[in-house]
Structure formats: C-alpha cells, structure tokens
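For reference, positions follow the sequence shown, starting with 1. Just follow the structure's listing: the first ligand is 1, and inside any ligand the first atom is 1. The structure displayed is predicted, hence computed values, not measured ones.
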Amino acid sequence: MCGIFGCILKNGNAAPVIHEALKRLEYRGYDSVGEATIHNGKLYIKKDQGKIDEVHKTRNLDDLPGSLGIGHTRWATHGAPLEVNAHPHVDCSGQIALVHNGIIENFSELKLELEGLGHVFKSRTDTEVIVHLIEQVLKNNPSLGLADAVLEATKRLDGSYAIAVISTKEPNKIICARHESPLVVGVNENAIYCASDIPAFLPLTNKAVIINDGELVTLSLEGYEIKKITDASLVLREPKIIDWTPEMAVKQGYPHFMLKEIHEQPETLRNTLRLQEHYLDLMATFLDRAREVFLVACGTSYHACLAASYMFSKLAFLATYPVIASEFVEQHGKSVNIDSTILAVSQSGETADTLAAVNCARQRAATVLGLTNVIGSTLTRVSRVYVGQQSGPEIGVAATKTFSSQLSVLAQLALRLAKKRGKVSQDEMDFLAEKLEKLPDTVETIIQTQEEKVKQIAKKYKDAKTFFFLGRGISTATAYEGRLKLMEIAYVPAIAFPAGESKHGPISLVEQGFPVVFVCPKDETHKILIGNIMEMKARGASIIAVIEEGDEEIKKLADDYIEVPKGIPEVLSPIPFVIPLQLLAYYMAVERGHNPDMPRNLAKSVTVK
Ligand code: M6R
C-alpha cells in the first residue's frame, strides 16, 4: 500500500502542493518519498528513503520548478526501502516518470524481456518495468501518444496498479490507470489532481471522480478523459461532491481507523496472494530441513502462529511449537541449536520480546525466518529469509487486517511445505489454492451481510461483565484472538480456551446469562463442539455462535448467531471466522463509550521487554 498523487495547476508551483498532499497520504506508507515535475521541457526529480519530513529537511521537496508533477509515498513490498527504489521511476531516456501503487506479479518476465531489448534497470522494484514498458511501446510505435502507450503497456501487466505517468514529450498531461488499487481524480477551476484517495486533495477541492478498475484517465487543464483499457472506449462520469469533515477524510469516512482497517481486509488479503512465491519456497525448504520448528510471536501475531501450528500439522504433517516470545528464552533458550528453525512473526518487526527470542536463537546458530509487515524492520535484517505480509500501515492499535494477512501467508507457506513433502495430492492443493483465492470475496461478503447483526449483538451484550470465547482445533486460535480484541479495546474481561477444557475448571464461572462465544466451523470438531455448547447452555449461558451459513443444528441452540459463507476448508477457517469477532470487539468498545483506536495503556509497537 503506497500513496500516489499528481497535479496540474493553472498557476504556481506543483511541488509544494504535491508535498502537502503526500503528507496527507503518509498513512499509506512512509519508507521513502519522491516527486517529479516538468518545467520547460525538462524532468526534475527529488526522492529519498525515509519519512516525508526527514527527506524534506535534507532535500527541500518544495524546490522543484513547474506547475505539473507527480509524487509518491512508499510502503516497501518489493525492493528494500532505499533511495534507489523510491518512486518516481524513470525510463532510459529520462523523459518519462511514473509513480505506482500496487504489485506487478509478472515483473520478472517483463524485466527479462526488456533487458533483452537493451533497457537498463536501476532499482529492484517491480514498478520500474512499467516505465520501461511504456518507453518500449513508444519505440515500437513512434506515432502513439502517451495515453495510448500507457494503455498498451498496462495490457501486459498482471497484478494490481494505480499509476500516474508524465513525459517531457507531452508536458501538459498526466496519464493515470488503475487495476485493483485505488485511484481518484479531483477537479476545480484552477487545477486537476489524481490521488490514491480523496483526503489527499480534499483541502483543495471537494469535487471527486472515482476511477474504476480497468480504466485509464488523461488529465489536463482542459479536464479529464476516461477510457476503458480493454477497448479504449470513452466513459462519461461526472464529479461527485464529497462532504467529509477533515477528521472523517483521514479515515476515509469511517469513524475509526480500526473499522476502516477491518473493512480493508478484502484488499489486504488479495495483496498477500502476490509476489511471495520465491521467498515462500525458500522458507518451506528451511522448514523442511529443520529438526525442530518454533513459531515465535506476541499477542495477535502469536495467535497467527497458534493457527499456523495446526496448518503445518494438518497439511504438511510437520509438528511445530508455537511459543509466546517473552517465554522463549526461559523455555527453549538452552536447548535451541543449529538444527532448530525459528519462524518469528511480527507485524512491526520491532517487538522487543520477539527480537529477544530471535537473538537468543541466532546466538545458538539456529536458523531465523521472519514474517513481518515492515520491510526494513529489525526482523527483516536479522532473518535468513523473510516474507512481507503486505498489509500496508495499520494505525489502529488493535491488529485486525495484519492478523488475517499473517494467516493467509502462513497458510500459503504450509501448502508449499506440504507440496514439498508430498503430503497433499495435487487435487487437494488446487482445491485449497482456489479457496484461498476466494477468501477476499468471502470476507467482503461477511462484512457486507453480518456487520449490522454484530452491531445489534454488541448492543445486547454491552453491559456483560465477562465473556468466554471457545473453539476446538484450529478455531481455538480464533477464539483467543476474539477474546484479545474484546479485552484490549472494550475493556471487558474475557477468557478463551479450547472448548474441551470447560469441564476441567472454567465452567464453574458460568451462571444465568453468562455470554459464551463459540467459533463453529463445520469441520471435524463440529459434533463434539455441539456437546460443549449444550453443557454451557445447561448452566444458563447465553450462546453467541459464529457458524457456517445454514448450520441449523447450532442455530437452534444459539441465542444469537453470525453466519459466514459455507464451504471454507478447516485450515483456512480462522480468516473468515475472526472477522465477526473483530467487529464484535469494535462495536462493544463503541457501545461502552471507548475509543477503539487508542486503548489505554497500550502502544502499537511494544519495543520494551
Ligand atoms: O508487531 P507485532 O506483531 O510483533 O506485535 C505483537 C503484539 O504486540 C500485537 O499483536 C498486539 O497484541 C496487538 N495490538 C493486538 O491487537
């Protein structure tokens, strides 16, 4: 997730306008920043790694001539967060500049092809292929205009993109195109803008045109022209008036970042399915060779590890040990050795407890693998191999979209390992891969159809003093995560445990009306879980069940239920089943008058032990 911006002004310099807009987009990424403008037929570029303010201090981002330009703030997915990888990227002739948000999946093939034709690449990004591709299209067809060249080039791209392109050959235009990454245009009498989202230009205009997937738009001071990429046919679309307050604008109309991030999950899950292959394969090789594997993390990331231990066991027949990072040194510090592999999972890549476990493992010559959202973080620097979970920055303290992304990456890793070990048939692999591909849509459906219901459930239980969260098998991890979310943002004491443990102690707490949340996918645990529901019901508990659509047996037993679409394989079930629990925690916090984005006593990144 990066932020792109572009503007053409009737009067004045574009650079300070781009700089301000990028500041408003910084929540989308802050690994590097860059701007390009055109003045008197010449391209001017400034870019560097680091946050916008830091780069501005040393490079003065306002000091570029010209009334037309583009800018970018980066969240690194491919290529380290270094100056050379910062956007804008430029073609060989130095005439075309481009900014991009998204991931180009077939960049390696395209790069090989373009290098064969003599193109010289400067960065390690996937993005740079696009600008060379446009250059090549123009070389092959010198009579084409920039817009047509961009249109032709985008037809060769697989993956997601929102791009803005400028060229000294057509110095009064910006060409944009989009597929699966957001793009909007803003208009007023004195300027025209393009951006990843409306807040970028909202202080300058409230008239916005939403660009749809598969569309290309040419901006000039005369206005905008939208075309379909497939057949170049014209699309007519009027601007809409946006009536957001500045506070709403930052959250794109959502009352809180947490809700916005819950809603972003279809998109972030799609991103996890891109560009991971090589690194996942490498990781799978290390896991396959290891004598023992520890999955090490804290909080929500630990819950992802717990779920992953079921995935590795069920798919790849590999026993792994999920360990809470702050306990790792005490529990395994003496025994971990050269034959051990530690897969550390950390959204921030900076959690002190996780890094301490990793350091201990490294000192004892164990292999360290990392899964993180922050490329360039300490975890990426100390890992033998790391994979980026590609969720974009998460601002809400409660981890939501980063959890589902971790689960998706870990499921892919388990599948690769299973394949390497010959433990699943090709049919089963294809079936699971297809289901994984469909998960973003499934999650979208859950949010669309169940959010209102969850809101009502939160209203009903808002004064409850305690909650239980129960599941069996892999759903135990989902239950733990639902409980953590509720506790940390709604301040409701809650207990989670595998449902089979109830009768070994915790059930003594249950009395009339005691809320118990059950996570109930229709997997092998379903039948026995019904028994657990009955034993709670018999003691007067109020049952809130997250079930598969049409699960009539549990519907009859539950006081309230939330449905997720049918047919989710067991190993993938935590992804859809956690969504209602995230929403429940969010609406409980709101009902109880708490700000879900800023839970007391907590910080987003815990860098002390
Ligand atoms: O950045 P990390 O994934 O290493 O963070 C670990 C935990 O601090 C984190 O998941 C925490 O539990 C979340 N805020 C929970 O929502």
Side-chain angles (χ1 to χ4, degrees), residues 75 256-262 264-265 268 272 294-308 322-328 342-359 361 368-383 386-410 469 477-492 494 496 574 578-579 581-586 588-589 594-609:
W75 184 257
H256 298 101
F257 284 109
M258 181 179 175
L259 191 61
K260 172 175 168 285
E261 285 156 2
I262 291 174
E264 273 168 17
Q265 288 177 106
T268 47
T272 61
F294 297 101
L295 309 174
V296 179
C298 302
T300 292
S301 297
Y302 167 74
H303 299 149
C305 287
L306 186 59
V323 186
I324 290 181
S326 55
E327 284 301 306
F328 183 81
I342 278 75
L343 171 53
V345 178
S346 171
Q347 185 283 129
S348 61
E350 299 295 350
T351 298
D353 288 324
T354 308
L355 295 178
V358 162
N359 276 342
V368 173
L369 311 175
L371 167 58
T372 181
N373 195 24
V374 184
I375 309 298
S377 62
T378 307
L379 183 58
T380 61
R381 293 197 297 272
V382 297
S383 298
Y386 66 83
V387 177
Q389 56 179 88
Q390 301 182 172
S391 328
E394 190 174 61
I395 294 170
V397 166
T400 51
K401 63 175 181 171
T402 53
F403 177 62
S404 51
S405 292
Q406 287 169 346
L407 291 170
S408 169
V409 176
L410 290 164
F469 284 81
T478 318
Y480 277 125
E481 177 57 11
R483 168 254 198 170
L484 174 61
K485 288 288 91 87
L486 185 74
M487 278 199 324
E488 71 176 328
I489 60 167
Y491 314 145
V492 182
V578 81
I579 308 293
L581 304 185
Q582 295 171 343
L583 287 167
L584 180 66
Y586 171 79
M588 285 285 287
H594 306 306
N595 178 352
D597 285 341
M598 286 182 207
R600 66 188 177 212
N601 309 332
L602 292 178
K604 183 72 188 159
S605 183
V606 186
T607 52
V608 287
K609 283 202 268 172

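The nearest protein atom to atom 1 (O) of ligand 1, hydrogens excluded, is given as Ser348 OG, 2.7 Å; this is a heavy-atom distance. The nearest heavy-atom contact from the protein to atom 8 (O) of ligand 1 is Val606 CG2, 4.0 Å. At the top of the distance list for atom 7 (C) of ligand 1, counting protein heavy atoms only, stands Cys298 O, 3.7 Å. Nearest protein neighbour of atom 14 (N) of ligand 1, counting heavy atoms only, is Val397 O, 2.9 Å.
Considering backbone and side-chain N/O atoms, Thr351 comes within less than 3.5 Å of an N/O atom of ligand 1. No N or O atom of Ala398 sits closer than 3.5 Å to an N or O atom of ligand 1. Remark: ligand 1 and Ala399 share an N or O pair separated by less than 3.5 Å (distance only, no angle test).
Under a 4.0 Å criterion applied to the non-hydrogen atoms of Ser301, ligand 1 contributes the atoms 2 (P), 3 (O), 10 (O).
Applying the side-chain hydrogen bond (donor to acceptor under 3.5 Å, both in side chains) test to Ser383 and every residue at least two apart in sequence or in another chain returns nothing. Under the side-chain contact (heavy atoms from CB on, under 4.5 Å) criterion, Asn359 pairs with Arg362, not counting sequence neighbours.
Remark: the His594 side chain and the Tyr491 side chain contain no N/O donor-acceptor pair separated by less than 3.5 Å. Checked by atom type, the side-chain pair Ser377/Glu350 shows no donor-acceptor distance below 3.5 Å.
The backbone N or O of Ile395 lies less than 3.5 Å from a partner atom in the side chain of Glu261, making a donor-acceptor pair.
Other residues, nucleotides and ligands contribute only 12 or fewer heavy atoms inside 6.0 Å of the CE atom of Met598.
Contact check for Leu371 versus Leu410: side-chain heavy atoms found under the 4.5 Å cut-off. Ile262 has its side chain within reach of Leu583: a pair of non-hydrogen atoms, C-beta onward, lies under 4.5 Å apart.
Among Thr300, Asp353, Asn373, the residue whose heavy atom lies closest to atom 11 (C) of ligand 1 is Thr300.
Residue Lys485 places a heavy atom under 4.0 Å from ligand 1.
Contact annotation for Glu488 and ligand 1: only side-chain heavy atoms (C-beta onward) come within less than 4.0 Å of the ligand.
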